[in-house]
There are 2 protein chains.
Amino acid sequence: MADREHLRLELTVDLAILTVRENLLHVLLIERENEPYRGDLALPGGFLRAGEDLPDAARRELSEETALDGKELHLEQIAVYGAPGRDPRGRVVSVAYLAIAPDLPLPSAGSDARAAHWAPVDKVSGTLAFDHAAILADAVERARQRLEFTTLAAAFCGQTFTISELRNVYEAVWGMPVDPRNFSRKVASSEGFVLPADGLRVPETGRPARLYRRGPAQVLSPPLMRPTAGS
Amino acid sequence: MADREHLRLELTVDLAILTVRENLLHVLLIERENEPYRGDLALPGGFLRAGEDLPDAARRELSEETALDGKELHLEQIAVYGAPGRDPRGRVVSVAYLAIAPDLPLPSAGSDARAAHWAPVDKVSGTLAFDHAAILADAVERARQRLEFTTLAAAFCGQTFTISELRNVYEAVWGMPVDPRNFSRKVASSEGFVLPADGLRVPETGRPARLYRRGPAQVLSPPLMRPTAGS
DNA sequence: ACAAAAGTGTTCAATTTACACCCATGG
DNA sequence: CCATGGGTGTAAATTGAACACTTTTGT
C-alpha cells in the first residue's frame, strides 16, 4: 500500500449565510472575481487548509466575508456536494454550512475585497455559480425546519428583541403569516426560549413592546409547527 | 494560480447500515484486516473513486458489504467528518451515510472477505475504530428522527409486514414501548403509509395478523411523535 | 379622540391518551 | 376453555386555531 491509487481531491467549505431584512429572508452572495464563473454570483467559501478542522474553516470564511465574530453565530453543517462535474477545475467536493446572522449594519465589511451583498433568497435561483442554487435551497429548507423544532429563530435577532421581531423571523423564513396572539403565548410558554430583558422598544406607531433575550433552551418542545402543505 | 497551495486530501464513504433483529437495533460492523486499527471493529466503507458520485460510492460499498441491491434500500447522507487527526494515515475526510435494511438472512454474504456481522448499537460504543462511534451515534439519532416524520420504518421490514412488526421497529429504534392499539390506528389513518396486502401472518401464539406493504407516502403528517424526554 | 400595535382571555374543534372490550387462533 | 396477541370503540384530557377584547403609546 505504498502507492495509493485512490482519488485525491480538493475540498471547499461554502456558506449559506442567512438573515432577515425588511421582512424577507436574504442570503449573502459574492461576485466571483476569478474563473470559473467569473462575474457570477456565488455563495462565499474557500478551500480547506492543512490542519484545519471543517467547522474552523467555516468560521474563518465567515469572518473573512462578514467581519462577524464567528463564535457568536449559529453554524451548522448542511451536506456534502461531490458530483464529479460540479466544478470545472477538477474534482472539488464542497461541504456546505448554514449560518444565521442578525440583520447586519454592513454586509461586506470583511477583509476580502470582493463585493458582497444581501439578496432575497427567492430572487436568486438560477443565477448562482456551480451548484450553489441547490445548496442554497437545501440550506433554506433546513432553516425552515430548524425554526419548527429549535430556538434558532432568536439567532436572527440582535441581543434583545421583541416578540413581534421574533415572529417576523418566522413569517419571513416560512413565507407565511403567523397569528401574533397565539405566537406570543406559545413563545412565552416555551420553557427557556426567551428570557425577559429590561426596557421597551417603541415602534413607529403603537404600544411599546417588551424586550427579550435568548434563553438557554436549544430544542422546542412542543415544536412550533407550520401548517403542512401536504394535503 | 498555476500552482495551488491548498490542501489535497482523500475522501472515504462510510456506512451505518441499520436493521432490527430480535427487537433490538443492530448495525453492520466489519473487523478491520489492515492497519490502522487492525482487528478492531469499524463501519464498512472505502475510498471514493475517480469519476464516482458520492451516492454511487455509498451504493457500491453497500453492495460489496451486504450483497444487497442498493437500489432497493434507503440511503441518506448523514454528515462529513474531517477533523485533522481522525485518521492516522493522513488527511482523510469521511462522508457518512445511513442505510436501512430489513433483517437479512445472511449479514456478510458480500464479495469482500472481511468478517461482517450485526451488533446491537448500544453495545458497541467505545469499541469502534476512528471516530466511527460518533458517526454511528449521529446515524442512530437521525434514524430515530426519521421514524417520527417519515415512513422510513417500513424500510426496516420485508416486502410485506404486519402492523406489529412495524411497531416493533419503532420500539427497537426508539428504545421505548409504543401502545399497540393507538399505533395501529395512527398508521391506518396515515394516508399512504401502508397498503393492505393479501394473506395473514400467523404468530407463534395468538390471532393471525393482516399483512401490509409499503405505501407511496414519504412524509408522515401528522408525525408520529415519541414522548419528548425534554422536561 | 383616534389609529396602531402589544398583550390577554375565551371558545370550539381536533387531537392524543388511556384503557375497556371483543376477535381469532393454538394448545 | 384458556392464554396470547390482533383489532375496534370510547371517554377524558390536552392541545391548537380563531377571534373578541383590553392596554399603551403617538398624533
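A, B, ... follow the sequence lines: proteins, then strands. Residue 1 opens every chain.
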Task: B:R21 and B:D103: CA distance, side-chain angles, deciding distance, salt bridge (Lys or Arg N to Asp or Glu O under 4.0 Å) verdict - done: CA-CA 6 Å; B:R21 315 194 88 193; B:D103 193 358; 2.7 Å; yes
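Looking at A:I135 and A:I78, their side chains never come closer than 4.5 Å, going by heavy atoms from C-beta outward. Here the side chains of B:F130 and B:D14 are not in contact, with every heavy-atom distance at 4.5 Å or above.
Defining each end axis of the helix from C:dA1-D:dT27 to C:dG27-D:dC1 as the rotation carrying four pairs' C1' atoms onto the next four, with five pairs an end, the two axes are found to diverge by 10° to 10 degrees.
Side-chain N or O atoms of B:R213 include one that pairs as donor or acceptor with a backbone N or O of B:P196 at under 3.5 Å. A donor-acceptor pair under 3.5 Å is formed between the side chain of B:H132 and the backbone N or O of B:L43. Using modelled atom types, one side-chain atom of A:T19 and one backbone atom of A:A101 make a donor-acceptor pair closer than 3.5 Å.
A:Y81 and A:D138 share a donor-acceptor pair across their side chains, judged by distance under 3.5 Å alone.
Residue-level contact check: B:R167 touches the backbone only, with heavy atoms under 4.0 Å from sugar-phosphate atoms and none from bases. At a threshold of 4.0 angstrom between heavy atoms, the contacts of B:T162 with the nucleic acid are absent.
Computed from coordinates, the A:F183 CZ to D:dA18 P distance equals 16 Å when rounded to whole Å. Going from atom CZ of A:R210 over to atom P of D:dT24 covers 10 Å, rounded to whole Å. Taking atom CZ on A:R201 and atom C1' on D:dT24, their separation rounds to 17 Å, with Å as the unit. The interatomic distance linking B:K186 (NZ) with D:dG7 (P) rounds to 18 Å, in whole Å.
Using the six-membered ring where Trp is involved, B:Y170 and B:F193 have ring planes that are perpendicular, over 60° apart on the 30 and 60° scheme.
Here B:S184 does not reach the OP1 or OP2 of D:dG7: none of its side-chain N or O atoms lies under 4.0 Å away.
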- [ ] Heavy atoms under 4.0 Å is the rule here; annotate nucleotides 19-27 of chain C 5' to 3' with B where the base is hit, S where only the sugar-phosphate is, and - elsewhere.
- [x] BB--BBS--
